[in-house]
Asks: 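Below is a structure I'd like to ask you about.
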Amino acid sequence: MTLPRLWAFLAVALPTLAALIAGLPSVDLAYHLRAGAEILASGSIPVADSWTFTAFGLPWTDQQWGAQVVLAAIFQVAGWTGLVLFRAVLVAAIFGCLLEIGRRRGLGMRRAAWLSLAAFIVASPTLGMRPQLLGMALLALVLLLVVDRRAHPGRLWIVPVIVAVWANIHGSFLLGPLVVGLAWLEDLHDRTERPHRTLLIAVVSAIAACLTPFGPWVWAYAVGLSTNPEVTGRIVEWRPTSLRDAPGLLFFGSAFAVVAVIARRGRSVPWPTLAWLAAFFFIGAYAIRGLAWWPLGVVAGIAGVLIVGSAGDPDRPEPGGTPLLRRLNLVIATALVVAGVALLPSWRPVDPDLQAPDGLVGFAPPGITGALRDLARPGDRLFNPQEWGSWFEFAIPSLPVALDSRIELFPAKVWDDYDAVARGADGWARQLEAWGVSVVVVSVRDAAMAERLSAAGWRLAYADEEGSIFVNHGRS
């Protein structure tokens, strides 16, 4: 285990270890698991909502059906531990590709590892187990093929195949043709042989994205979701990235570091490289959700700048170290592997209410979940905190909820009515009655709502440190 090999190992092992340790937020994951299970059972993709009472029967463009099938199949075979391991594999693939991109650009192993680890730090808030993570892995693979296109031009034809799969997994598939289009600009600038071949592959990739059950409409879905004012105005992760939180600070800090690297270069950076960096910066600044793509794209863009702007030979052989140091390197690597195995969720006790390893699943209140299972009756309707909606419809599928994480599904009026009830606007009780709500779950953060329900005659049926359950006074 020489020092260069240790750096390569750490660049992949540290993100993988973090993926094994982190919890599984259920905000998106839970509804994808339910959808995937229904697709596997019925053999068909859902076309309308049947889980909520506020959007029941409305059309649902389930563009992420492919990811849902994969996630549900893994869950049915290997449970929550299987999902954790799958996330670890995806994270290892992402940062392994970034490490190799740095190497293909000409960086030494240590510098390529540092760049990959820096990208992991910036991307870490976005590595939850949901279809987006599969999209990140596919983007990393496309970036590797694009960076390597001049050494292996034929391999670039794999990109349309990847995009065809990607379009059935996550709405970020449009980044595939975008990256190849940016590569075409580089080829034009560098006067490579047959530069328009790259443009042709970008066009074919855009057409390949239509190979979904939704045809060309998949493009309208992807663009429409990111520009929907109800989504961008109400959902935090679709709002512009700012300096008011840790992910925003990481993003703008990394962007400043990129500017500093360019400023220290001592000569002008080719305009296609600037266009590449600007495109991914815009994606990251446009919405917090875009922070998933910025660190991947910036590695491919800035790695070449690091080579040209560095003194000496950045790819000179690194010393392997003495036999003692090599053994120490091996001990470090072995310790990380042992830690990863020891921290698998399969070793944790199982929470009986969540039917999952203790502390693993986030946004899933265990006590409230168990109480709801006991309280729920046929015909009940649940008014719920939006961030818990997906978990409740997964854990208690017979109980219709008000809202879940399929944010684009609900019309503006539903969002307005939901907000009116949540903040106690005039007519909030009549709205609950109009919806036929018989059970209300209130987060501990919404103490005012709990007081309003009590004053209106709703009966407190359960309470703990995370929230409370109220049932309609007319329900025995």
Side-chain angles (χ1 to χ4, degrees), residues 8-19 66-67 70 86-105 107 109 111-149 151-152 155-183 186 201-202 205 208-209 251 254 258 276-277 279-281 283-284 289-304 306:
F9 176 81
L10 292 176
V12 177
L14 290 178
T16 303
L17 181 62
V70 171
F86 183 51
R87 178 176 61 183
V89 169
L90 291 174
V91 169
I94 292 168
F95 295 98
C97 283
L98 293 188
L99 175 69
E100 188 60 22
I101 286 170
R103 295 287 293 152
R104 299 293 174 90
R105 287 293 199 192
L107 291 175
M109 188 66 77
R111 287 163 53 116
W114 286 0
L115 188 59
S116 181
L117 288 171
F120 163 66
I121 293 171
V122 178
S124 57
T126 69
L127 299 177
M129 184 64 266
R130 54 184 182 178
Q132 176 178 278
L133 190 62
L134 280 77
M136 294 176 70
L138 293 175
L139 174 60
L141 180 57
V142 168
L143 288 170
L144 179 57
L145 292 170
V146 165
V147 166
D148 204 35
R149 69 189 181 280
H152 303 282
R155 295 180 185 177
L156 199 59
W157 282 106
I158 301 174
V159 173
V161 178
I162 295 174
V163 172
V165 174
W166 195 347
N168 293 279
I169 286 178
H170 192 254
S172 58
F173 67 87
L174 50 83
L175 294 175
L178 172 64
V179 165
V180 182
L182 291 170
E186 288 184 343
I201 294 175
S205 297
F251 168 69
S254 63
V258 169
W276 181 292
L277 295 173
F280 279 95
F281 176 81
I283 293 169
R289 194 81 177 259
L291 299 185
W293 319 111
W294 157 257
L296 278 63
V298 78
V299 166
I302 203 66
L306 290 172

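Positions are given from 1, in the same order as the sequence printed here.
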Asks: How long is the span from the CG atom in L134 to the CG atom in L139, to the nearest 0.5 Å?
Replies: 12.5 Å
Asks: Write down the atom of L296, the atom of A292, and the distance for their closest heavy-atom approach.
Replies: CD1-O, 3.5 Å
Asks: Sorted by first residue and then second, give each salt bridge (charged side-chain N to carboxylate O under 4.0 Å, His left out) pair with at least one member in residues 131-142; sequence neighbours left out.
Replies: none
Asks: With sequence neighbours left out, write down each residue that passes side chain to side chain contact (heavy atoms under 4.5 Å, CB included) with A279, or none if nothing qualifies.
Replies: L182
Asks: Would you sort out whether I283 and L175 count as a side-chain contact (heavy atoms from CB on, under 4.5 Å), showing the intermediate values?
Replies: CA-CA 10 Å; I283 293 169; L175 294 175; 3.6 Å; yes
Asks: Tell me every residue that passes side chain to side chain donor-acceptor pair (under 3.5 Å) with S254, counting only those two or more places apart in sequence or in another chain.
Replies: W294
Asks: Please name the pair of heavy atoms, one in V91 and one in A19, separated by the smallest distance, quoted to 0.1 Å.
Replies: CG2-CB, 3.9 Å
Asks: Rounded to the nearest 0.5 Å, what separation is found between the CG atom of L145 and the CD1 atom of I158?
Replies: 5.5 Å
Asks: Name all residues meeting the side chain to side chain contact (heavy atoms under 4.5 Å, CB included) criterion together with A300; count only those two or more places apart in sequence or in a different chain, and write none if there are none.
Replies: I101, L143, V147, W276
Asks: CG/L178 to CZ/F173 distance, rounded to the nearest 0.5 angstrom?
Replies: 12.0 Å
Asks: One pair to check against side-chain contact (heavy atoms from CB on, under 4.5 Å): V298 and F280. What are the steps and the verdict?
Replies: CA-CA 7 Å; V298 78; F280 279 95; 5.8 Å; no
Asks: List for me each residue that meets side chain to side chain contact (heavy atoms under 4.5 Å, CB included) alongside A202, sequence neighbours excluded, and say none if there are none.
Replies: V180
Asks: Can you tell me which residue pairs pass the side chain to side chain donor-acceptor pair (under 3.5 Å) test with a partner in residues 136-146, sequence neighbours excluded?
Replies: none
Asks: Quick one: list whatever passes side chain to side chain contact (heavy atoms under 4.5 Å, CB included) with A137, sequence neighbours left out.
Replies: L90, I94
Asks: Measuring from R104:CZ to C97:SG, what's the distance to the nearest 0.5 Å?
Replies: 9.5 Å
Asks: To the nearest 0.5 Å, what is the distance between CG on L10 and CE on M109?
Replies: 11.5 Å
Asks: Using a 3.5 Å cut-off and no angle test, enumerate the donor-acceptor pairs between side-chain atoms of residues 112-124 and protein atoms at least two apart in sequence or in another chain.
Replies:
unit_1: S116; atom_1: OG; unit_2: F95; atom_2: O; d: 3.2
unit_1: S124; atom_1: OG; unit_2: I121; atom_2: O; d: 2.8

Asks: What pairs with R87 under side chain to side chain donor-acceptor pair (under 3.5 Å), at least two apart in sequence or on another chain?
Replies: none
Asks: What residues form a side chain to side chain donor-acceptor pair (under 3.5 Å) with R105, not counting sequence neighbours?
Replies: none
Asks: Considering only residues two or more places apart or on different chains, which pairs with a residue in residues 113-132 satisfy salt bridge (charged side-chain N to carboxylate O under 4.0 Å, His left out)?
Replies: D28-R130, R130-E237
Asks: So, the side chain of R149 versus the backbone of L144: is there a donor-acceptor pair under 3.5 Å, distance only?
Replies: no
Asks: Identify each donor-acceptor pair in which a side-chain atom of residues 161-171 lies under 3.5 Å from a protein atom, sequence neighbours left out, and give them as a table.
Replies:
unit_1: W166; atom_1: NE1; unit_2: S172; atom_2: OG; d: 3.0
unit_1: N168; atom_1: OD1; unit_2: W65; atom_2: NE1; d: 3.0
unit_1: N168; atom_1: ND2; unit_2: A164; atom_2: O; d: 2.9
unit_1: N168; atom_1: ND2; unit_2: L211; atom_2: O; d: 3.2
unit_1: H170; atom_1: ND1; unit_2: S172; atom_2: N; d: 3.2
unit_1: H170; atom_1: ND1; unit_2: S172; atom_2: OG; d: 2.8

